[in-house]
Amino acid sequence: MDYKRQMVTPGSTGSGLIDARGRMVIPFIFGERPDATAQRRIQLCTAAGLDLQRNASTPQVCRWQRLHGSSNAGAALRPVKDAVTGRWGYQNARGQWAIAPQFESARRFRHGYAVVSGAFPEDWRPPGWQDERPIIRQFHRVGRHWVVDALVRNASTGGAWELRYGLMNDAGQWLAAVPQPALHVTVLVPPGGRSGHYAEMLASHLPTLLGRSVQVDHVPTATEADYRRLMTEGGNEKVLLAALRLPRGGIEGVHQAAPIDALMHSLRPVTLLASEPLVLAIDSTKADTLGIHSTDDLLAYARAHPGSLRIGTGDDGWTGHLAFGQFRAASGVDVQRVVFKGMYPDSDVITKEHAVDLLFAPVNGVAVAVRRGQLRVLGTTADPAHPQSFEGVPWPTLGSSAPLAGYTTYDHFSLWAPANSEAASNRTLQEAVAQVLATPEVRKQLQDLRVVGGGGSPERLLALEDEERERWMRALSSPAR
């Protein structure tokens, strides 16, 4: 593997590999290897050092590459020289051309591959390089790819030769030719919140998987113009992490049709990061007075005293509103909803002013009041398959009560990419996030936070969006919201 331009003379011949369908696996960039497929592995060598006067005594760095083709593929094909063109191809047992004659030489298939030769591609260069070919100094095998260091001179180096490290596949193509720009994870709230915590978690684990740095950008006071840039521009360098309302843009008649909501439809899905259930908590004093100590007690009291219980939630359109609507629709009980400004009610207001009897809120919104004994959790909105506990005390799920069977409500934290991002890049990021979420360290963190990890495909995120739309429609089927 020597890409010095001056060492390639017109008419030079190189060897490569094809598979049984005639597809080029390795281009004509290697020297003659008569036994390249005989032992199911081939040896790839490159001259070590930067000596321009290379000869038989030049030191080499060599590594063995195992071939992974099917052992039977191509077994019935035989190399044949075409009398008219003088080129070699492959015919089947009936004498028909299976691979058209096009090679200067061809050897028989072994283990699904065949060594063929042709004109060395004088203008060939690894994809991603510009202006000058790199000088490969050395390489070594890591898993299924080659880690290569080379001297490079192109636009990114300002015209000077600089050392670059990259990742090359078995076809001599650069998978990571030059250092990639940082990935910016944009969070639309100030530091310290749940979205910020998940973003920092990604920033600490993704760089080793992606081979690029990850930076968290908090933009709590974004303008409409900022949102437009975030959602339509940035390519593969930016993603948006947020507890977005799903479906994006909201439900007509519930969410205000702000310009930002319309922009959200341009985002491309990456993956679900985490799903955090809410809790239904009751004022402890009220619970003792009314004898409500479980979800079944609550439903029984609500049926016996329709309209007497008040449940606090955040503003219209947030997850607490959805939780309340589903609760009413599934149980059929008549309870009053009291709306508090913001995403969720402030538990201090609830406990000090006794403004409502119950409230829907995330765990971190009620934890202090629960520790003080001011609030008691009757149940969580989690799926019964993912029960939650708090400081060693298990919490039942609302869905485990027969009247509320199938009931679940979550705050979903997800990653979305700008409209001009590439699907392949988003898929790579999704796969890396899945690896992060599968590590024991992160799984323990998520368990401590009482959340369910995501990591699913972009298609699964879109399917979840449709499921959330259905939940909203069921919630709104209740006569009162």
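The chain is numbered in sequence order, starting from 1.
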Do the non-hydrogen side-chain atoms of Glu200 and Val216 ever get within less than 4.5 Å of each other? yes
Side-chain heavy atoms of Leu272 within contact of His412, under 4.5 Å: yes
Worked check of side-chain contact (heavy atoms from CB on, under 4.5 Å) between Leu429 and Val239: CA-CA 10 Å; Leu429 177 57; Val239 289; 3.5 Å; yes
For the residue pair Leu188 and Leu230, establish whether any side-chain heavy-atom pair is separated by less than 4.5 Å. yes
Please report the C-alpha distance between Leu273 and Ser414 in whole Å, then the side-chain angles of each, then the deciding distance to 0.1 Å, and finally whether the side-chain contact (heavy atoms from CB on, under 4.5 Å) criterion is met. CA-CA 5 Å; Leu273 185 59; Ser414 48; 5.7 Å; no
Nearest-0.5 Å distance, CG of residue Leu415 to CG of residue Asn426: 9.5 Å
Are there more than 12 heavy atoms of other residues, nucleotides or ligands under 6.0 Å from atom CD of Glu252? no
Using side-chain heavy atoms (C-beta onward) and a distance below 4.5 Å, is Thr381 in contact with Leu280? no
Shortest non-hydrogen contact from Pro269 to Leu461? CB-CD2, 3.9 Å
Donor-acceptor pair between Thr409 and Gln326 side chains, under 3.5 angstrom: yes
Is there a side-chain contact between Tyr90 and Pro101 in this structure, where contact means two heavy atoms from C-beta onward sitting under 4.5 Å apart? no
Kindly say whether Arg87 contributes a backbone atom to a donor-acceptor pair with the side chain of Glu104 at under 3.5 angstrom? no
Where the side chain of Arg328 meets the backbone of Ser477, is there a donor-acceptor pair that is under 3.5 Å apart? no
Check Arg427 with Glu459, please: is the shortest side-chain N to carboxylate O separation under 4.0 Å? yes
NE2 (His197) with more than 12 external heavy atoms under 6.0 Å: yes
What are the two closest non-hydrogen atoms of Val270 and Pro458, and how far apart are they? O-CG, 3.4 Å
Going by atom type alone, with no hydrogens or angles, which donor-acceptor pairs under 3.5 Å involve a side-chain atom of residues 435-443 and a protein atom two or more places apart or on another chain?
from, atom 1, to, atom 2, distance (Å)
Thr439, OG1, Val436, O, 2.7
Thr439, OG1, Val442, N, 3.4

Any Leu398 side-chain heavy atom under 4.5 Å of Thr380 side chain: no
Would Arg471 and Thr408 satisfy side-chain contact (heavy atoms from CB on, under 4.5 Å), going step by step from the backbone distance to the final call? CA-CA 9 Å; Arg471 289 189 177 93; Thr408 61; 3.6 Å; yes
Between atom CZ of Phe327 and atom CG of Leu404, what is the distance when rounded to the nearest 0.5 Å? 6.0 Å
About how many Å separate OH of Tyr113 and CD1 of Ile18, when rounded to the nearest 0.5 Å? 11.5 Å
Please evaluate residues Gln215 and Asp217 with respect to the criterion side-chain contact (heavy atoms from CB on, under 4.5 Å), reporting the C-alpha separation (whole Å), side-chain torsions for both, the decisive distance (0.1 Å), and the verdict. CA-CA 6 Å; Gln215 178 178 323; Asp217 300 327; 2.9 Å; yes
Answer yes or no: is there a donor N or O on one side and an acceptor on the other, between the side chain of Arg268 and the main chain of Trp416, under 3.5 Å? no
Within a strict 4.5 Å, meaning less than it, do heavy atoms of the Leu278 and Tyr410 side chains meet? no
So does Arg460 pair up with Glu467, basic N to acidic O under 4.0 Å? yes
Over all atoms of both residues, closest heavy-atom pair of Arg228 and Leu263: NH1-CD2, 3.4 Å
Under 3.5 Å: donor-acceptor pair, side chain of Ser117, backbone of Ser105: yes
Can you say whether the rings of Trp395 and Phe390 are parallel (under 30°), tilted (30 to 60°) or perpendicular (over 60°)? parallel
With a 4.0 Å cut-off on N to O distance, would you call Arg194 and Asp411 a salt bridge? yes
Whether the side chain of His321 engages the backbone of Gly317 through a donor-acceptor N/O pair (distance < 3.5 Å, no angle test) should be reported. yes
Distance (rounded to the nearest 0.5 Å) between Ser275 OG and Leu464 CG: 6.5 Å
Side-chain contact, heavy-atom cut-off 4.5 Å: Tyr344 with Trp318? no
Can a donor-acceptor pair be found, under 3.5 Å and without considering hydrogens, that links the side chain of Ser425 to the backbone of Glu422? no
Roughly how far, to the nearest 0.5 Å, is the CD atom of Glu465 from the CE atom of Met264? 10.5 Å
How close do Ser213 and Ala182 get, heavy atom to heavy atom, and via which atoms? OG-CB, 3.1 Å
Ionic contact status for Glu276 with Arg450, cut-off 4.0 Å: no
Identify the two heavy atoms, one from Ala106 and one from Trp88, that lie closest to each other, and give their separation to 0.1 Å. CB-CB, 3.8 Å
Short question: side chain of His265, backbone of Arg248 - any donor-acceptor pair under 3.5 Å? yes
I'd like to know if the side chain of Asp315 reaches the main chain of Gly342, judged simply by a donor and an acceptor atom lying under 3.5 Å from each other, with no hydrogens or angles considered. yes
Smallest heavy-atom separation, Gly365 atom then Ser347 atom, equals O-OG, 3.1 Å
Between Glu233 and Met231, is there a donor-acceptor pair closer than 3.5 Å when you use the side chain of the first and the backbone of the second? no
Here the gap from Glu431 atom CD to Thr271 atom OG1, rounded to the nearest 0.5 Å, amounts to 10.0 Å
Any donor-acceptor pair under 3.5 Å from Asp82 side chain to Gly86 backbone: no
